[in-house]
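Both backbone and side-chain heavy atoms feed into the values below; hydrogens, waters and symmetry mates do not. Chain naming here is simple, since letters A, B, ... match the order of the sequence lines and numbering starts at 1 in each.
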Number of protein chains: 2
Amino acid sequence: MKKRFYDDACGAAHALELVGDRWALLVIRELLLGPKRFSDLRTGLPGISANVLTQRLEDLEAKAVVVRRKLPPPASAWVYELTPWGLEAEEIVKVIGRWAARSPSHDPSLPISVSSTVMSMRTMFAPERAKDMTGKIGFRLGREEFVATLAKGRLTIGRGAADEADVVVEGDQQALAGAIYGGVPLAKLEKAGALNVKGDRALFERYIRLFPLPEKAPDAKAFRAPE
Amino acid sequence: MKKRFYDDACGAAHALELVGDRWALLVIRELLLGPKRFSDLRTGLPGISANVLTQRLEDLEAKAVVVRRKLPPPASAWVYELTPWGLEAEEIVKVIGRWAARSPSHDPSLPISVSSTVMSMRTMFAPERAKDMTGKIGFRLGREEFVATLAKGRLTIGRGAADEADVVVEGDQQALAGAIYGGVPLAKLEKAGALNVKGDRALFERYIRLFPLPEKAPDAKAFRAPE
DNA sequence: CGGCATCCGGGAAGATACTG
DNA sequence: CAGTATCTTCCCGGATGCCG
């Protein structure tokens with residue numbers, strides 16, 4: 001009937017049955033930092049249509065990657081949340097993201113979601129650059145707040161109250177990504193009103209250099225055979 | 001690629017543009033152990049049709065993941081080979097394979113390709129079980145030969161002449177997978193003529209216990225809300 | 001507003017047959 | 001052996017509309 005299976009015992013093939021559908025892994029990416037509602041998922045996935053999102057969520061729920069849960073009153077809204085095993089897919093998102101960062105065809109100027117921006121810090125963090133750094137950096141991106149904690153050369157970052165931090169960065173994620181990955185000077189972003197830094201500014205200046213991009217791989221032209 | 005971009009600067013999203021098409025990652029899996037010809041790729045990917053394979057190979061070549069190369073005479077055949085960066089996608093295949101091994105819906109009784117079987121050993125190898133083991137295991141699976149080398153708690157496995165090893169295992173990959181992951185007794189497989197072990201048999205008996213499967217994650221029923 | 005069903009058009013994947 | 005060519009099937013994406 002539905003001969004669209006890979007029919008392959010290989011773990012990788014089974015993984016593709018689970019999360020190989022279009023958008024599926026990006027839905028997981030959006031949930032890695034915590035539960036979200038349907039419309040917040042759509043915000044983070046510009047271009048997905050409601051019916052496709054519905055179907056992906058149903059599939060992922062049936063496969064025990066995602067759970068649909070009702071928040072207690074007064075919120076009383078439905079949220080989608082990764083199961084503990086679904087949360088383990090974080091490694092997948094990080095590894096493929098790190099691999100694709102070397103792609104010769106990657107265009108970093110495209111729009112990026114809040115969750116992606118935060119996840120990119122988890123992904124690209126270079127511990128050897130943070131050996132002697134300590135402190136907390138708070139982020140206020142749109143209506144979401146996150147806290148990054150540096151200690152003993154390790155970085156933890158997740159949802160949390162931004163104002164508990166040594167420095168609070170407020171603005172939009174696109175500008176933050178520009179500062180971290182695009183080499184855009186902080187002063188310029190502040191002047192443009194895209195970012196606002198309050199508190200230990202020097203800490204944040206050092207922080208944004210903790211996420212080096214890997215060298216680009218050669219593109220297809222480099223492999224044109226002489227034949 | 002196609003007109004259906006994700007339009008997302010996130011590395012994971014870009015990775016899906018590169019290898020998110022159906023079959024693409026499995027094509028890469030088949031090439032991880034070295035160059036292959038078109039028809040050998042088809043053998044390892046039961047179910048893929050020729051035109052889809054053609055298209056994937058063209059796509060992957062355009063994206064500098066794969067190179068198409070002509071073997072020198074007298075072979076003079078076309079082969080497909082991963083670029084150095086394409087080879088780095090091994091991490092992706094291993095991570096998603098390891099993640100999917102915990103899936104409650106994984107069916108290990110499906111057919112499995114020779115490359116998958118060899119790659120599964122790279123993926124599931126547990127170094128802590130091999131601390132004091134040393135030796136070489138040769139495999140003759142179909143017309144392909146591989147050698148696994150154990151030294152200092154590390155495993156390397158790839159194409160190589162099987163008869164240089166301390167023990168040579170001959171037969172089909174399905175039976176080998178059954179011995180390693182299915183707990184099928186070796187004697188039974190030999191009696192059935194599916195596997196043939198020559199040489200240091202005790203080494204191979206220990207070898208097949210180096211690849212433990214992870215615990216299954218709870219399935220969707222476990223998350224049914226009390227309502 | 002949030003979530004889901006339905007209809008439709010376009011295009012990708014599958015099956016089969018065929019060619020150099 | 002290494003792919004094309006063609007036809008069919010079905011998934012994806014957009015629009016609309018229903019229901020709480």
### Task
Return the orientation label for the B:Tyr207 and B:Phe139 ring planes: parallel under 30°, perpendicular over 60°, tilted otherwise.
tilted
Check whether any side-chain nitrogen or oxygen of [X] sits under 4.0 Å from OP1 or OP2 of [N], and answer yes or no.
X	N	result
B:Ser39	D:dC1	no
B:Arg22	C:dG14	yes
B:Trp23	C:dA12	no
B:Tyr80	D:dG3	yes

### Closest nucleotide among D:dT4, C:dA13, D:dA2 to the B:Arg37 side chain
D:dA2
### Query
If you check every side-chain atom of B:Ser49, which of C:dA15, D:dG3, C:dC4 has the closest atom?
C:dA15
Atom-pair distance ([atom1] on [X]; [atom2] on [N]), nearest Å:
X	N	atom1	atom2	result
B:Ile48	C:dT16	CD1	P	16 Å
B:Gln55	D:dT6	CD	P	16 Å
B:Asp21	C:dA12	CG	C1'	9 Å
A:Asp59	D:dC11	CG	C1'	12 Å
B:Leu71	D:dC1	CG	P	15 Å
A:Leu53	D:dC11	CG	P	18 Å
A:Phe5	C:dA13	CZ	C1'	15 Å
B:Arg42	D:dG3	CZ	C1'	9 Å

### Query
Contact class for A:Arg56 (heavy atom, under 4.0 Å): base, sugar-phosphate, or nothing?
sugar-phosphate
### Message
With hydrogens left out and only the distance checked, is there a donor-acceptor pair under 3.5 Å joining B:Asn51's side chain and the base of D:dG3?
### Response
no
### Cation-aromatic face contact B:Arg22/A:Tyr6, 6.0 Å, 45 degrees
yes
### Task
Give the minimum heavy-atom separation between B:Gly171 and B:Leu195, together with the two atoms involved.
CA-CD2, 4.0 Å
### Message
I'd like to know if B:Glu81 and B:Arg68 make a salt bridge, using a cut-off of under 4.0 Å between side-chain N and carboxylate O.
### Response
no
### Task
Using a strict cut-off of less than 4.0 Å between a Lys/Arg side-chain nitrogen and an Asp/Glu carboxylate oxygen, indicate whether B:Arg159 and B:Glu145 qualify as a salt bridge.
no
